[in-house]
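A quick write-up on the structure given underneath.
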Amino acid sequence: MDKLHQALRRHFGYSSFKKGQETIMKSVLEGRDTVAMLPTGGGKSLCYQLPGFLTDGTVLIVSPLLSLMEDQVQQLKMRGEKRTAAYNSVLTYQERDYILKQLHRLKFLYISPEALQSEQIIKRLQTIKVSLFVVDEAHCISQWGHDFRPDYSKLGEIKALLGNPPTLALTATATEATLKDISQMLGLAEASYFIYSVDRPNIALHIENLRDTAAKTERLIELVRKLQGPGLVYCPTRKWTEELAERLTEETRLRTGFYHGGMESGDRMLIQQQFIRNQLDAVCCTNAFGMGVDKPDVRYVIHFNLPQTAEAYMQEIGRAGRDGQQSISILLKAPGDEGIQEQLIQTEALSQHDIDFLYEKLADVKDERALRDILQQSGLSETQARHFVHLYLKVHHLGDDGRELIYREMDSRKHLKLKKMAGFASITESEGCFRRGLLAYFNEELKPRKNSGAACCTYCGLDLDAYETKGDRPFMNELTAWEEELDAIFAAGRDRLC
DNA sequence: CGTGGGGATTCTAGAATCCCCACGGTGCCCTAGT
């Protein structure tokens, strides 16, 4: 048995690797920069955890969500690896100080791109050996780094400040253009690429065209009532998640919840936990729900509106059928769906006129905080202000006025988003196999389907009845929920005592 | 594009109606002053 297999057995208790894992790890262990795309549930974290055990130094993992970091830290600790920590705003000052002092003893350190901007932590990281620089959910670099979370675009600089340690970028869904963007932003000129199919053959792809929103609502109720759960319903706005959850509860009597970014973090955790523990049959959610929700048996994902991009669609339907069992994704369309999305993109970008106005207001302000305060008072949203400040500081650094560059950047971001949106809309409208069209967007060819039991898509023919509930289903039953709750409390208590 | 909050207007002194405008989705971050 070779070193990798031995370590796999010793640290994780597995006897074999999943597809792709071994080649990716070998690349990492040879010290090469590596970009890897593995399907959801393909065991991405193992790709840096195992090499971490086999090399000296600390593995630094950039992660997009606090909850994701906490989950990973907990899992590693449960496996017996105590030299693991997450550095973020959840910690108290003392806890943070402790981590900074103990940095050289850590095997795995999880951190957000924002926390990684702190001079203090960079200075400390420069004194230790970073054996591997990992960017988890690396598509966030491309998806968010340009505007929503600009700190993602600075990871390349930080990697350089740390002496360019070997780097591993991991994602489940990316087009060729996104992968290029990731490598460019991280400064990976000569990375090795390991790209596996984005296709999920066990998820049937269904599209239904309906007259209007009212018709979609009726159809949704009918579907949720009939389909084998549990399932997710992706909604376009926060308000829709709440309204549809209420309608579904009334009309189907199933246990339905809602989830969006405007909720208290405690409520968000509760819904996630209830969904994972099968205490909810369906969750109506915005695109906030999903990353880090590792539930194997989600049976359906319904989209109440067109997602903004094909990447978003793939990611969201990918939350179904991680156990490999038959699952279905249903896209409900109605004329005018794109209008709302398009308007969102249009209003988010600043016009030349806005930019001129801001330039006059800012004149000689140099301090970043003062900049942001003035921008907030100008009626910009927080996201708009952050995006502008990011570009403003970047072009000022170059020494000229930079206005032209900002015009162009804003405009090209907007057009790129509109293009992606129109691209996905046209895939859903074109004649022919939907899966083929979708895979073509990711530069993939549809291979002959081995598993003849799995349906492909609406065009190729699928039988919705096959996805209906079989036998009795657990209707709203407070006693069951109460007993499960108690079990969970006892289980948690036992863990603590051990 | 579609919706909803809020201010202004209306006909006749407090509520009904209108119109305009803002908003819509994704998450990190101790900022400062109690």
Side-chain angles (χ1 to χ4, degrees), chain A residues 62-70 86-97 110-121 136-137 139-155 212-214 216-217 234-243 258-265 268 284-293 303-309 311-313 315-316 334-349 367-373 375-376 378-387 389-390 417-418 420-421 425:
Chain A
V62 179
S63 168
L65 301 180
L66 299 175
S67 59
L68 222 56
M69 294 181 218
E70 297 301 322
Y87 185 89
N88 55 42
S89 62
V90 178
L91 305 179
T92 62
Y93 176 77
Q94 286 81 1
E95 288 169 324
R96 254 183 261 196
D97 197 46
Y110 288 84
I111 193 164
S112 68
E114 287 81 4
L116 197 47
Q117 305 302 312
S118 133
E119 230 174 89
Q120 202 186 13
I121 188 112
D136 198 13
E137 307 286 354
H139 57 276
C140 295
I141 295 178
S142 183
Q143 188 191 331
W144 287 343
H146 297 281
D147 40 32
F148 181 55
R149 290 177 72 177
D151 288 332
Y152 255 112
S153 71
K154 298 181 192 155
L155 294 180
D212 53 22
T213 308
K216 284 203 289 191
T217 310
Y234 277 97
C235 306
T237 65
R238 294 172 174 182
K239 206 166 155 248
W240 271 106
T241 66
E242 299 187 17
E243 278 173 15
F258 62 86
Y259 182 103
H260 57 68
M263 291 160 60
E264 297 281 327
S265 69
R268 291 173 67 160
C284 299
C285 56
T286 60
N287 54 357
F289 192 80
M291 253 198 291
V293 179
H303 279 92
F304 195 72
N305 259 79
L306 207 66
Q308 222 175 58
T309 62
E311 288 100 311
Y313 174 79
Q315 244 158 44
E316 285 159 8
D337 276 2
E338 299 97 313
I340 306 163
Q341 299 277 13
E342 187 180 332
Q343 211 53 36
L344 256 180
I345 296 169
Q346 294 279 6
T347 48
E348 178 187 65
D367 170 47
E368 186 170 341
R369 267 197 55 76
L371 262 177
R372 213 164 277 173
D373 285 348
L375 292 171
Q376 292 271 299
S378 316
L380 298 191
S381 71
E382 201 195 328
T383 307
Q384 282 177 320
R386 201 170 332 91
H387 188 189
V389 170
H390 170 61
K417 285 186 176 181
L418 289 172
K420 283 190 162 194
M421 192 195 85

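Computed from a predicted model, the values in this text were never measured in an experiment. Atoms considered below: every heavy atom in the structure, side chains included; atoms not considered: hydrogens, waters and symmetry mates. Protein chains get the first letters and strands the later ones, always in sequence-line order, with residue 1 at the start of each.
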Using a 4.0 Å heavy-atom cut-off, does A:Gln346 contact any base of the nucleic acid, only the sugar-phosphate backbone, or nothing at all? nothing
Counting only side-chain heavy atoms from C-beta out, which of B:dT3, B:dT26, B:dG24 sits nearest to A:Thr237? B:dG24
Mind telling me if B:dT31 is syn or anti? Syn here is a glycosidic angle within 90° of 0. syn
Is any side-chain heavy atom of A:Leu155 closer than 4.5 Å to one of A:Pro113? yes
Quick check: do A:Asp337 and A:Lys216 have side-chain heavy atoms less than 4.5 Å from each other? yes
Students often get this wrong, so: under 4.0 angstrom with heavy atoms, is A:Gln308 touching a base, only sugar-phosphate, or nothing? base
How is A:Glu348 classified with respect to the nucleic acid when contacts are heavy atoms under 4.0 Å: base, sugar-phosphate, or nothing? base
Classify A:Pro113 by what it touches in the nucleic acid, base, sugar-phosphate, or nothing, heavy-atom distance under 4.0 Å. nothing
What is the distance, rounded to the nearest whole Å, between atom CZ of A:Arg238 and atom P of B:dG24? 7 Å
When you compare B:dA16 with B:dT12, how far apart are their P atoms, in angstrom units rounded to a whole number? 14 Å
Has A:Trp144 got its ring stacked on B:dT26, by the test of a centre gap below 5.5 Å and a plane angle below 30°? no
Nearest heavy-atom contact between A:Tyr152 and A:Cys140 is CZ-CB, 3.6 Å
A:His139 has an atom NE2; how far is it from atom C1' of B:dG27, in whole Å? 13 Å
What class does the angle between the rings of A:Phe148 and A:Trp144 fall in, given that below 30° is parallel, 30 to 60° is tilted and above 60° is perpendicular? perpendicular
Between A:His139 and A:Gln315, does a side-chain hydrogen bond (donor to acceptor under 3.5 Å, both in side chains) hold up when you go through it step by step? CA-CA 11 Å; A:His139 57 276; A:Gln315 244 158 44; 3.2 Å; yes
A:Glu311 has an atom CD; how far is it from atom P of B:dT26, in whole Å? 19 Å
Atom-pair distance (CZ on A:Phe304; C1' on B:dG24), nearest Å: 15 Å
Any side-chain heavy atom of A:Val293 within less than 4.5 Å of one from A:Tyr259? no
Classify the side-chain pair A:Arg96/A:Tyr87 by whether it contains a donor and acceptor separated by less than 3.5 Å. no
Passing option when A:Lys417 is tested against A:Glu348, A:Glu342, A:Glu311 for salt bridge (Lys or Arg N to Asp or Glu O under 4.0 Å): A:Glu348
Apply salt bridge (Lys or Arg N to Asp or Glu O under 4.0 Å) to the pair A:Glu242 and A:Arg238, showing each step before the final yes or no. CA-CA 7 Å; A:Glu242 299 187 17; A:Arg238 294 172 174 182; over 6 Å; no
Using the side-chain heavy atoms of A:Glu114, tell me which of these nucleotides is nearest: B:dG27, B:dG24, B:dT26. B:dG27
Looking at B:dC29, I'd like to know if its phosphate oxygens (OP1 or OP2) sit under 4.0 Å from a side-chain N or O belonging to A:Ser112. yes
Let's see if you can work this out: which of B:dG27, B:dC1, B:dG25 has an atom nearest to the side-chain heavy atoms of A:Thr383? B:dG27
How would you label the contact of A:Gly336 with the nucleic acid (heavy atoms, under 4.0 Å): base, sugar-phosphate, or nothing? nothing
Could you list all N or O pairs between the protein and nucleotides 30-34 of chain B that sit under 3.5 Å apart?
| unit_1 | atom_1 | unit_2 | atom_2 | d |
| --- | --- | --- | --- | --- |
| B:dC30 | OP1 | A:Arg96 | NH1 | 3.0 |
| B:dC30 | OP2 | A:Arg96 | NH1 | 3.3 |

Tell me whether the side-chain N/O atoms of A:Lys239 come closer than 4.0 Å to OP1 or OP2 in B:dG4. yes
Determine the interplanar angle of the A:Tyr313 and A:His303 rings, folded into 0 to 90°, and report it as parallel if under 30°, tilted if 30 to 60°, perpendicular if over 60°. tilted
Distance in angstrom units between A:Tyr313 OH and B:dG25 P, rounded: 22 Å
Report yes or no: does A:Gln384 contribute a side-chain atom to a donor-acceptor pair with the main-chain N or O of A:Thr347 at less than 3.5 Å? yes
Rounded distance in Å - CH2 (A:Trp240) to P (B:dC1): 18 Å
Between A:Asp147 and A:His390, is any pair of side-chain heavy atoms under 4.5 Å apart? no
For B:dG25 versus B:dG4, give the span between their P atoms, rounded off to a whole number of Å. 13 Å
Starting at NE2 of A:His387 and ending at P of B:dT26, how long is that distance when rounded to a whole Å? 19 Å
Listed nucleotide nearest any side-chain atom of A:Leu66, set B:dG24, B:dC29, B:dG27: B:dC29
Same-atom distance (P) from B:dA22 to B:dG27, integer angstrom: 26 Å
Please report, rounded to the nearest Å, how far the C1' atom of B:dT26 is from the CG atom of A:Leu65. 10 Å
What stems, by residue range, does DNA chain B take part in, given at least 3 consecutive Watson-Crick or G-U pairs under 3.5 Å? B:1-11 with B:14-24
Compare side-chain N and O positions of A:Arg149 against OP1 and OP2 of B:dT26 and report whether any pair is under 4.0 Å apart. no
Looking at every strand, decide which applies to A:Arg386 at a 4.0 Å heavy-atom threshold: base, sugar-phosphate, or nothing. base
Phosphate OP1/OP2 of B:dT26: any A:Thr286 side-chain N/O under 4.0 Å: yes
Which one, B:dG24, B:dG25, B:dC29, comes nearest to the side chain of A:Ala115? B:dC29
